[in-house]
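Shown next, in structure tokens, is the structure this report addresses.
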Amino acid sequence: MKPSKAAMRFLGLVLLMALAACQSGAAAQVPEVEPTPDAVPGEKTYQDLVVGYSQLGAESEWRTGNTDSIKEAAEELGVELLFSDAQQKQENQIKAIRTFIAQQVDVIGVSPIVETGWESVFQEAKDAGIPIILVDRAADVPENLYTTHMGSDFVEEGRNAARVMADLLDGQGIIVELMGTLDSAPANDRYIGFREVIEDYPGIHIIATESGDFTRAKGKEVMEGFLRLYGSQIDGLYAHNDDMAIGAIQAIEEYGLKPGEDIKIVSIDAIRDAFQAMIDGKLNATIECNPLLGPKFFEVALQVVNGETVPKWIPSEEGVYFPEDAAELLPTRRY
Ligand code: GYE
């Protein structure tokens, strides 16, 4: 184990003061160092923490907001952050986690691109005594392989999207769905939650579901396909994130229909561009999913390192936004 940053700083201070004492002719003695006001002896502080973070990629505005939040919080708190962007590949995330284990970091944060396939590498971290904190997306592993999961209730987001859509369609209509990345927690859960509510509306039919991988480009492409097949039969579009909805809005306009009017659109995230789309009358609602998890992540990481017990799930607080409030809220949105 390399000496902690605090230990190095302490040593540096002692040497400096000893040197100053020698130079002034006074007897060289080990000075008493005042502990920082709220540091409890033996407990780590933010400045002692070395955290490895495996981000899954940069597919959406949500994701860049999330990455910025993690990096900015580390910087502000003085945490040493080792950040790795997996560019949408699980194998890259697994490699990064193995590197963090070899570097003996204090905590590993990971936002798993897909739900499955994490058991062995999480077990390796556990064997090395390094806690894993799941941030944003969940992983399908036994509970003892991670310390806590912080993020949103994606099933509830799907339910909220369905409630709003059922209302917009007055309980009658044909819906197409743009799913997120296949096998990812948000895509799985937003799919399930939406159906849980739509089942109660016999007049609503989901006629097509395809993944747009959470990106604008793919959202547009898949929507073009839906329009070729079903054209003006489509009454509603449910997109698992705003970026795909924004791509789809372009496709709908190019096809000659009016997004938000001819086709009602509900999506998830509540990014700034979704507020703009609502102001322009092209999006009917966005369900918030908060990516600003950085400060809380490091708070929890520090608690875990200091042996405190934390809940197994730390949920985010989120709302639902509509066009009538969009203009007022846009300036306050931070992602
Ligand atoms: O909704 C989407 C992003 O995992 C909650 O991932 C996140 C999702 C988010 O690409 O925009």
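Indexing begins at 1, ligand by ligand and atom by atom, following the structure's order. Because the structure is predicted, anything quoted here is derived from the model rather than measured.
Taking a 6.0 Å sphere around CD of Glu253, one finds it holds more than 12 heavy atoms contributed by other residues, nucleotides or ligands.
Both the sub-6.0 Å distance and the 45° axial angle are satisfied by Lys312 relative to the ring of Tyr146. The cationic group of Arg190 does not satisfy the cation-pi geometry with Phe194, failing either the under 6.0 Å distance to the six-membered ring centre or the 45° limit from the ring axis.
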Exercise. Thr181 and Arg137: side-chain hydrogen bond (donor to acceptor under 3.5 Å, both in side chains), yes or no, with the steps?
Worked result: CA-CA 12 Å; Thr181 302; Arg137 297 191 183 177; 4.7 Å; no
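In this structure, Asn241 contributes its side chain and Phe214 its backbone to a donor-acceptor pair below 3.5 Å.
Phe298 has its ring centre no less than 6.0 Å from the ring centre of Tyr46.
A distance limit of 4.0 angstrom between heavy atoms and ligand 1 selects the residues Glu59, Ser60, Trp62, Arg63, Asp136, Arg137, Phe154, Pro186, Arg190, Phe214, Asn241, Asp269, Cys289.
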